[in-house]
Amino acid sequence: MPAPYLASSLITQDQIQDRIVEIAAEIERDSPGDGLIHLVCVLKGGFMFLADLVRAMGDRVTLDFMAVSSYGKNTKTSGEVRLLKDLDQSIEGRDVVIVEDIVDTGLTLTYLQEILRARAPGRLRTACLLSKPTRRLVNVQVDYVGFDIDDQFVVGYGLDYAEQYRNLPYIAMLDDGGA
Ligand code: IMP
């Protein structure tokens, strides 16, 4: 298969930044009082979203990271993911927000929510930069969605194709050049 090339930008840097400011405000507004809001970034894809989100929030933020990788295609329908790096801190009793790059079928996020819920957080919400609603196989709760997109493969802003393009500051489509 020929290497795909980047097609036009789907969501610009400015659109992303504007939406992130709104999401940051919504998350803070939905956590009244002065308690801490603990953001859990799902690596690798969530790293850029998290970095911009926390900079748009005030000093009530704490954060932690977990790294997951999907199993191969055969087991993907189970949504089971391999935990490559667990959280450093306990989330028991905390006001937790999962920060994910994209929700597609919803299986990965469902699995993540299940393992985090088992750790008895005080509250568990989820923020995803992108969502492909037409691809959903399970009805997963996503409290904050940056942008709904069509069923197309996108890269950039943390999202990769074979580990490439994560560093783009915008979201782009990939094209195989009609091959
Ligand atoms: P789900 O379990 O089907 O919801 O898959 C979620 C994961 O699939 C995301 O965390 C991404 O790693 C990956 N993914 C889904 N769609 C895309 C895409 O368009 N570009 C890059 N990665 C994607």
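Both ligands and their constituent atoms are indexed starting at 1 by order of listing.
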Report summary line: Of Val103, Val68, Asp104, Thr110, the residue with the heavy atom nearest atom 15 (C) of ligand 1 is Asp104
Query - Pairing residues for Arg123 by the salt bridge (Lys or Arg N to Asp or Glu O under 4.0 Å) criterion, not counting sequence neighbours - result: none
Query raised in the report: Would you say Ile102 touches ligand 1, if touching means a heavy atom closer than 4.0 Å?
Result: yes
Query raised in the report: Under a 4.5 Å cut-off applied to non-hydrogen side-chain atoms, are Asp148 and Lys132 in contact?
Result: no
Report task. Using a strict 4.0 Å cut-off to heavy atoms of Thr108, name the atoms of ligand 1 that fall inside it. Result -> 1 (P), 2 (O), 5 (O), 6 (C)
Query raised in the report: Do the side chains of Gln152 and Leu10 get nearer than 4.5 Å, heavy atoms only?
Result: yes
**Report entry** Donor on one side chain, acceptor on other, Gln113 and Thr126, under 3.5 Å
**Finding:** yes
Requested in this report: Measure the shortest side-chain to side-chain distance between Arg125 and Ile27 over non-hydrogen atoms and say whether it is less than 4.5 angstrom.
Outcome: yes
Query raised in the report: For ligand 1, which atoms sit closer than 4.0 Å to a heavy atom of Asp101?
Result: 9 (C), 10 (O)
Requested in this report: Determine the interplanar angle of the Phe49 and Tyr157 rings, folded into 0 to 90°, and report it as parallel if under 30°, tilted if 30 to 60°, perpendicular if over 60°.
Outcome: tilted
Query raised in the report: Counting heavy atoms only, which part of Val42 comes closer than 4.0 Å to ligand 1: side chain, backbone, both or neither?
Result: neither
Query - ligand 1 atoms in contact with Leu159 (distance to a heavy atom under 4.0 Å) - result: 21 (C), 22 (N)
Requested in this report: Please name all residues satisfying side chain to side chain donor-acceptor pair (under 3.5 Å) with Gln17, sequence neighbours left out, ordered by chain then number.
Outcome: Asp52
Query raised in the report: Are side-chain heavy atoms of Leu174 and Tyr161 found at a separation under 4.5 Å?
Result: yes
**Report entry** Proximal ligand 1 atoms for Asp160, defined as those under 4.0 Å from one of its heavy atoms
**Finding:** 21 (C)
Query raised in the report: With a 4.0 Å cut-off on heavy atoms, does Gly106 reach ligand 1?
Result: yes
Query raised in the report: Leu109 near ligand 1, heavy-atom distance under 4.0 Å?
Result: no
Requested in this report: Taking only heavy atoms of Gln152 into account, list the atoms of ligand 1 that are under 4.0 Å away from them.
Outcome: 19 (O)
Query raised in the report: Which atoms from ligand 1 have a heavy atom of Lys132 less than 4.0 Å away?
Result: 16 (N), 17 (C), 18 (C), 19 (O)
